[in-house]
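Small disclaimer: the values here were computed from a predicted structure and weren't measured.
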Amino acid sequence: MAPSLEAPEPVEDVLANPLKQKPNLVAPEPEHCPGPESEQAGTADSCAGCPNQKICAAAPKGPDPDIPLITARLAGVKHKILVLSGKGGVGKSTFTCLLAHAFATNPDSTVGVMDTDICGPSIPKMLGVESETIHISAAGWSPAWAMDNLAVMSIQFMLPNRDDAIIWRGPKKNGLIKQFLKDVEWGDLDFLLVDTPPGTSDEHLSVNTFLKESGIDGAVMVTTPQEVSLLDVRKEIDFCRKAGIRVLGLVENMSLFVCPKCTHASEIFQATTGGGRALAQEMGIPFLGSVPLDPRIGMACDYGESFFDSFPDSPACTALKGVVRELAGQIGLDAEDVMPE
């Protein structure tokens, strides 16, 4: 007989209380129990004599008091965009860096990148600020600046050794993400890009909870053409719909390989079910475009350089500019103002 999973918590309850851990009760809830997570838990008349009384009384109650502080801190941020995939290895962090550089090519725009991939922070390396550290002032934590108009925050800046592993449970991850939003002096930004790890778990719930009051423009989904990637992106789209996050569109990364010398295109990751465009049509979300695989993108990220500055005439750069213009339209901006021709 196949093993069965524990009964899952209701999705609505998890989304409503994503950061709260249910108290571990030592006895079943009595008939007239007000509920271990209610405001009266442990203090109501019916709680007298219950073995769970002290446990329920000590459990956290009410909304997070830091939410208004986060909202005030991010008041100067015009657009907040999440970058999601559900699947690892699709180039999500790389795409986040390319998107940040694309927005930053406009000298009138100021861009911030928040790396919430706590266990695998790669954004600092790709943006050329790996050796930076966090500076603390009376105003809060200062982000590292990769360019005059491109700020970065990551746990990488807090590690004594860049090869140190971060072995943390969920609550510590949630606490650090809260600090990135509450304590970092982001200032006035046109765009805040949030790079997330694969999945639909702690980090995603935390970001959504902390940013909901200050407003999220939506999420950009990144996939590759093959079905094994599309399978996880479907789950991520479902997560966004249940969490009330608008899906701004889908980007198909590594859609083709374009030879840098002869510009011949080859399908390295051949689509078996129509790829990203077919998935976007199936799920009823915008298709932002396809970005070809170019080895020079990886080289630019390894050296922490802007691919747009180094290879402005490459097919990948042209495709990325098209994606940025489509994304600009989805968040209500003039494409030509965001990414001029």
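- The shortest side-chain heavy-atom distance between Cys97 and Ile123 falls under the 4.5 Å cut-off.
- Residues Met153 and Leu159 share a hydrophobic cluster, clusters being chains of Ile/Leu/Val/Met/Phe/Trp/Tyr side chains in contact below 4.5 Å.
- The side-chain contact (heavy atoms from CB on, under 4.5 Å) with Asp195 is formed by just one residue from the set Met126, Lys92, Met114; it is Lys92.
- Within the 4.5 Å cutoff, no side-chain heavy atoms of Val251 are placed close to those of Thr223.
- At least one donor-acceptor pair closer than 3.5 Å links the side chain of His204 to the backbone N or O of Pro197.
- Although no hydrogens or angles enter the test, the distance criterion places no donor-acceptor pair under 3.5 Å between the side chain of Glu130 and the main chain of Lys125.
- Here the rule is side-chain contact (heavy atoms from CB on, under 4.5 Å) with Val194, and of Val207, Val83, Thr96, Leu84 only Val207 fits it.
- Judged by distance alone, with hydrogens and angles left aside, the side-chain atoms of Ser314 form a donor-acceptor pair with the main-chain N or O of Phe311 at under 3.5 Å.
- Taking 4.5 Å as the limit, some side-chain heavy atom of Leu327 sits within range of a side-chain heavy atom of Phe103.
- Without hydrogens or angle criteria, Ser229 side chain to Pro225 main chain gives no donor-acceptor distance under 3.5 Å.
- Counting heavy atoms from C-beta outward, Thr110 and Asp188 have side chains that stay 4.5 Å or more apart.
- With rounding to the nearest 0.5 angstrom, the CG atom of Leu181 is 11.0 Å from the OG1 atom of Thr209.
- The cluster map of Ile, Leu, Val, Met, Phe, Trp and Tyr, joined by side-chain heavy atoms under 4.5 Å apart, puts Val323 and Leu256 in different clusters.
- No side-chain donor-acceptor contact under 3.5 Å links Thr116 and Thr196.
- Remark: Asp217 CG to Ile245 CD1 distance equals 12.0 Å, nearest 0.5 Å.
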Open item on the list: Between Val184 and Gln179, is the side-chain contact (heavy atoms from CB on, under 4.5 Å) condition met? List the steps.
Closed with: CA-CA 7 Å; Val184 173; Gln179 285 186 286; over 6 Å; no
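- Two residues are said to be in side-chain contact when any heavy atoms from C-beta on lie closer than 4.5 Å; Phe180 and Trp141 meet this criterion.
- Atom-to-atom distance recorded for Leu211:CG and Leu74:CG is 6.5 Å, nearest 0.5 angstrom.
- Here the CG atom belonging to Asp334 is positioned 11.0 Å from the CZ atom belonging to Arg325, to the nearest 0.5 angstrom.
- Distance NZ/Lys87 to NZ/Lys235: 11.0 Å, rounded to 0.5 Å.
- Using a distance-only test at 3.5 Å, with no hydrogens or angles considered, a donor-acceptor pair links the side chain of Asn149 to the main chain of Ser109.
- Lys78 and Asp190 are joined by a salt bridge, as a carboxylate oxygen and a charged side-chain nitrogen come within less than 4.0 angstrom of each other.
- The six-membered or imidazole ring of His101 lies away from that of Phe308, with a centre-to-centre distance of 6.0 Å or more.
- Taking all atoms of both residues into account, the shortest heavy-atom contact from Leu150 to Ala100 is CD1-CB, 3.8 Å.
- In this structure, the side chain of Asp164 engages the main chain of Asn161 through a donor-acceptor pair within 3.5 Å.
- Clustering ILVMFWY residues whenever any of their side-chain heavy atoms sit less than 4.5 angstrom apart, transitively, puts Leu192 in a cluster other than the one holding Leu69.
- In summary, Arg73 and Glu185 do not engage in a salt bridge, as defined by a charged side-chain N under 4.0 Å from a carboxylate O.
- Closest of all the heavy-atom pairs between Glu305 and Ser310 is OE1-OG, 3.7 Å.
- Looking at Val152 and Pro143, their side chains never come closer than 4.5 Å, going by heavy atoms from C-beta outward.
- Judged by distance alone, the side chains of Ser206 and Asn174 do bring a donor and an acceptor atom under 3.5 Å apart.
- When all heavy atoms of Cys240 and Val247 are compared, the closest pair comes out as CB-CG2, 3.8 Å.
- Between Lys178 and Asp66 there is a salt bridge, with a side-chain nitrogen of the basic residue lying less than 4.0 Å from a carboxylate oxygen of the acidic one.
- Atom CD1 of Ile118 and atom CG of Leu176 lie 4.5 Å apart (nearest 0.5 Å).
- At a threshold of 4.0 Å, the pair Glu252-Arg277 does not count as salt-bridged, since none of the basic side-chain nitrogens sits closer than that to a carboxylate oxygen.
- A 4.5 Å side-chain heavy-atom check between Asn208 and Ile216 finds at least one atom pair inside the cut-off.
- Salt bridge Asp238/Arg234: absent, no basic N to carboxylate O contact under 4.0 Å.
- A pairwise comparison of heavy atoms in Trp168 and Ile155 identifies CH2-CD1, 3.8 Å as the closest pair.
- Not a single donor-acceptor pair under 3.5 Å links the side chain of Asn253 to the backbone N or O of Val222.
- The shortest side-chain heavy-atom distance between Leu205 and Phe239 falls under the 4.5 Å cut-off.
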